[in-house]
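Start at 1 and go down the list; that is how both ligands and their atoms are numbered.
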Amino acid sequence: MGGEHSPEILGILVLQSPVPVMLNFRHRIVLVESIPERTTFSDSSVPNPSTFSTWMNLLGTVTRGLDIASFYWTMTNEDTRTHEPSAIQGEQILEELLQLSQHGITVRIAVSCPLAKLPLNDLQALEWSGAVVHTVDMPRLTAGALHTKFWLVDGTHLYVGSANMDWRSLTQVKELSAAVYNCSCLAKDLGNIFEAYWALGIPGASIPVPWLANYSTTFNMEMPSELKHNDTDAAVYSSSPPALCAAGWTQGLGTLLSVINAAEDFVDVTVMSYLPTTEFSHPQRFWPAIDNWLRKAVFERQVKVWLLTDCWQHSQVTMFPFLKSLAAVANNRTRYSMEVWLFMVPVSAVQAQIPYAWVNCNKCMVTEKAAYIGECGVGGPPPR
Ligand SMILES: *[C@@H]1O[C@H](CO)[C@@H](O)[C@H](O)[C@H]1NC(C)=O
Ligand SMILES: *[C@@H]1O[C@H](CO)[C@@H](O)[C@H](O)[C@H]1NC(C)=O
Ligand SMILES: *[C@@H]1O[C@H](CO)[C@@H](O)[C@H](O)[C@H]1NC(C)=O
Ligand SMILES: *[C@@H]1O[C@H](CO)[C@@H](O)[C@H](O)[C@H]1NC(C)=O
């Protein structure tokens with residue numbers, strides 16, 4: 001969790017107590033999950049629709065246009081040279097995507113500048129099928145990455161969350177996302193973010209200062225949009241990192257800190273890795289903004305903090321002492337409650353051969369007032 005100027009902090013926030021704005025009962029938000037194969041939870045846990053079924057539904061719904069913002073594409077298991085039966089869901093999604101252009105549907109894909117070792121087969125196949133792909137050179141533009149994962153369907157429905165365009169995100173990795181149906185106002189908002197990526201994906205593009213007024217939003221921390229979650233009124237806005245914020249947008253870090261700061265009872269956080277530092281910059285920098293606010297919530301308001309992060313083969317060694325330091329805040333005499341748990345997906349020898357699988361990729365935060373579903377889970381680059 002981290003990265004002050006990182007484009008990775010793009011998230012969607014659902015608040016329990018809505019500010020009265022225009023009410024539209026057709027809006028519907030649904031939580032979507034991927035649970036790794038053979039991982040089972042207790043009977044009392046609430047099953048949510050799968051990422052696969054949600055993507056298939058959206059593909060069945062689209063009539064005019066599909067915009068996808070993505071980090072990288074590995075929808076078949078060619079990248080791992082394994083023959084995993086569980087790759088079939090990813091392959092099926094790709095097959096469906098390849099059909100869309102023939103049916104007159106406009107398919108636009110914004111993707112992060114490829115890492116040298118990642119394959120380009122899927123993106124090439126999509127281009128051959130008629131989709132338009134823009135590669136966004138975030139390392140040059142913001143020293144970050146386009147870590148966003150969202151779908152926009154016909155300017156009406158949207159999907160946003162942790163799942164990459166990766167077959168593992170459907171069957172091997174624990175993911176959490178939200179699908180919002182029949183919500184053209186929020187889709188318009190996310191559409192503006194997509195248009196910003198699209199513009200930045202033109203070769204030689206630079207970040208406009210300021211962004212043109214048509215990239216702005218009216219939904220933000222002060223004035224969220226309303227919708228229904230399971231027949232409960234809720235209010236929603238999305239946020240983005242500073243370099244990508246046109247007028248009206250709430251900045252990603254501000255959103256995270258405001259959710260923590262508003263909590264009076266509990267803050268539950270789940271992230272793939274947790275470091276009060278930048279993670280991918282060289283040199284790494286100390287970046288304790290979020291860590292400080294969690295400690296402050298415990299110390300000043302006796303908020304109960306529960307952090308669930310991952311322990312897997314790519315966890316940074318430096319993470320563990322920082323986690324111990326956070327857990328050390330808990331104390332029976334002061335009654336400070338700070339629980340730090342590590343999540344390990346059980347892996348068999350065969351499964352262990354799949355690289356970058358078997359991990360909890362969720363990036364979300366729940367308090368007694370709000371739910372934040374994000375795409376930032378890992379440290380980002382330092383501020384420039
Ligand atoms: C969107 O709203 C229409 C009209 O109310 C309804 O028929 C349709 O089922 C809704 N779609 C979804 C995905 O909820
Ligand atoms: C804003 O206007 C410019 C210039 O007309 C256009 O290129 C861009 O796509 C527009 N952006 C959005 C989000 O509509
Ligand atoms: C949705 O609402 C029903 C009825 O109030 C409740 O039983 C159920 O637990 C809720 N589901 C979720 C996911 O909140
Ligand atoms: C705090 O109290 C609980 C329950 O009484 C006990 O299990 C735990 O060991 C105590 N922790 C410390 C650090 O004393």
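- A 4.5 Å side-chain heavy-atom check between Tyr159 and Thr51 finds at least one atom pair inside the cut-off.
- Remark: minimum distance from atom 10 (C) of ligand 2 to any protein heavy atom is reached at Asn214 ND2, 2.5 Å.
- Considering both main-chain and side-chain atoms, Glu195 never comes within under 3.5 Å of ligand 2 through any nitrogen or oxygen pair.
- Using a 4.0 Å threshold on non-hydrogen atoms, atom 7 (O) of ligand 2 does not count as touching the protein.
- The protein heavy-atom contact nearest to atom 4 (C) of ligand 2 is Leu212 CD1, 4.1 Å.
- Residue-ligand proximity, Tyr181 to ligand 1, at heavy-atom distances under 4.0 Å covers atoms 12 (C), 13 (C), 14 (O).
- No single ILVMFWY cluster, assembled from side-chain heavy atoms under 4.5 Å apart, contains both Trp341 and Val366.
- Applying the side-chain contact (heavy atoms from CB on, under 4.5 Å) test between Val62 and each of Val107, Ile105, Leu152 identifies Ile105 as the sole match.
- When each of Asp122, Asn121, Asp166 is paired with Trp73, the side-chain contact (heavy atoms from CB on, under 4.5 Å) condition holds for Asp122 and for no other.
- There is a protein heavy atom closer than 4.0 angstrom to atom 2 (O) of ligand 2.
- Between the side chains of Arg64 and Thr156, no donor N or O sits under 3.5 Å from an acceptor N or O.
- From the protein, the heavy atom lying nearest to atom 9 (O) of ligand 2 is Tyr215 OH, 3.8 Å.
- Of the residues Phe194, Tyr181, Trp55, the one that meets the ring pair (Phe, Tyr, Trp, His ring centres under 6.0 Å) test with Trp151 is Trp55.
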